[in-house]
Amino acid sequence: QVQLVESGGGLVQAGDSLRLSCAASGRSVKYYAMGWFRQAPGKEREFVATINWSGGTTGLADSVKGRFTISRDNAKNMMYLQMNSLKPEDTAVYYCATRANAIDSFQASEYDYWGQGTQVTVSS
């Protein structure tokens, strides 16, 4: 089993930055792909970013390209999401996830473990 805990969310103004962290425990996720998803009120969960096991391959949703960066530190069993130039439409609960597969994926259904989420609120 893998447990995931997100942190780093909060209330910021448009244009500000936040760095989300995802800590994995229970077993090493060194060889697992990981991802970030988000869900805004009244909307479905959507893909944000994904990273393969080594960090050598990443993918970002079009809505966050050029503003968000995903990274990981396998030695620490951690994943990060650096969010710059935040917009009110980025307001959502952000979830980290991992899958027992080395290849990154943008599909939520392909992830096996999920965190509880961290709230990000961007005011205009």
Side-chain angles (χ1 to χ4, degrees):
Q1 277 289 68
V2 176
Q3 291 79 45
L4 301 173
V5 178
E6 304 93 338
S7 61
L11 173 62
V12 297
Q13 293 187 330
D16 286 350
S17 298
L18 276 177
R19 188 195 194 203
L20 303 185
S21 299
C22 174
S25 62
R27 65 177 299 170
S28 172
V29 295
K30 179 178 181 179
Y31 297 110
Y32 289 6
M34 302 186 77
W36 288 98
F37 293 79
R38 67 186 182 186
Q39 187 167 18
K43 295 187 177 181
E44 294 187 353
R45 189 171 299 190
E46 66 173 0
F47 165 75
V48 176
T50 182
I51 189 165
N52 78 331
W53 73 277
S54 67
T57 303
T58 62
L60 295 167
D62 288 343
S63 60
V64 305
K65 281 181 181 176
R67 301 187 298 123
F68 290 12
T69 303
I70 186 172
S71 62
R72 66 188 296 164
D73 185 339
N74 284 341
K76 297 180 178 179
N77 241 18
M78 296 287 293
M79 177 179 64
Y80 307 98
L81 185 68
Q82 178 66 43
M83 306 187 294
N84 299 330
S85 302
L86 282 162
K87 305 176 180 179
E89 51 263 46
D90 294 319
T91 295
V93 176
Y94 283 70
Y95 299 89
C96 74
T98 190
R99 61 194 296 250
N101 190 303
I103 300 173
D104 50 299
S105 172
F106 63 87
Q107 297 195 38
S109 61
E110 295 188 350
Y111 286 80
D112 303 299
Y113 304 100
W114 293 82
Q116 295 292 323
T118 185
Q119 176 70 48
V120 172
T121 303
V122 185
S123 63
S124 57

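None of these values were measured; they are calculated from a predicted model. Only heavy atoms go into these numbers, but all of them, side chains included; no hydrogens, no water, no symmetry mates. Residue numbers count from 1 along this sequence.
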Quick one, [X] and [Y] - any side-chain contact, counting heavy atoms below 4.5 Å?
{"X": "Tyr32", "Y": "Val2", "value": "yes"}
{"X": "Thr58", "Y": "Asp104", "value": "no"}
{"X": "Tyr80", "Y": "Asp73", "value": "yes"}
{"X": "Arg38", "Y": "Asp90", "value": "yes"}
{"X": "Val122", "Y": "Thr91", "value": "yes"}
{"X": "Leu20", "Y": "Met83", "value": "yes"}

Please report the closest heavy-atom contact between [X] and [Y], naming both atoms and the distance.
{"X": "Leu86", "Y": "Leu18", "answer": "CD1-N, 3.9 Å"}
{"X": "Glu110", "Y": "Ser105", "answer": "OE1-OG, 2.6 Å"}
{"X": "Gln82", "Y": "Ser17", "answer": "NE2-CB, 4.0 Å"}
{"X": "Asn74", "Y": "Lys30", "answer": "ND2-O, 3.5 Å"}

- Approximate separation, where rounding is to 0.5 Å, of Met79 CE and Thr50 OG1: 8.5 Å
- Message: Please check: side-chain N/O of Arg67 versus main-chain N/O of Ser85, any donor-acceptor pairing under 3.5 Å?
- Response: yes
- Message: Test your reading of the model: is there a side-chain donor-acceptor pair from Gln116 to the backbone of Val5, 3.5 Å cut-off?
- Response: no
Taking the inter-plane angle between the rings of [X] and [Y] on a 0 to 90° scale, is it parallel (under 30°), tilted (30 to 60°) or perpendicular (over 60°)?
{"X": "Trp114", "Y": "Phe37", "value": "tilted"}
{"X": "Tyr94", "Y": "Phe68", "value": "tilted"}
{"X": "Tyr31", "Y": "Trp53", "value": "tilted"}

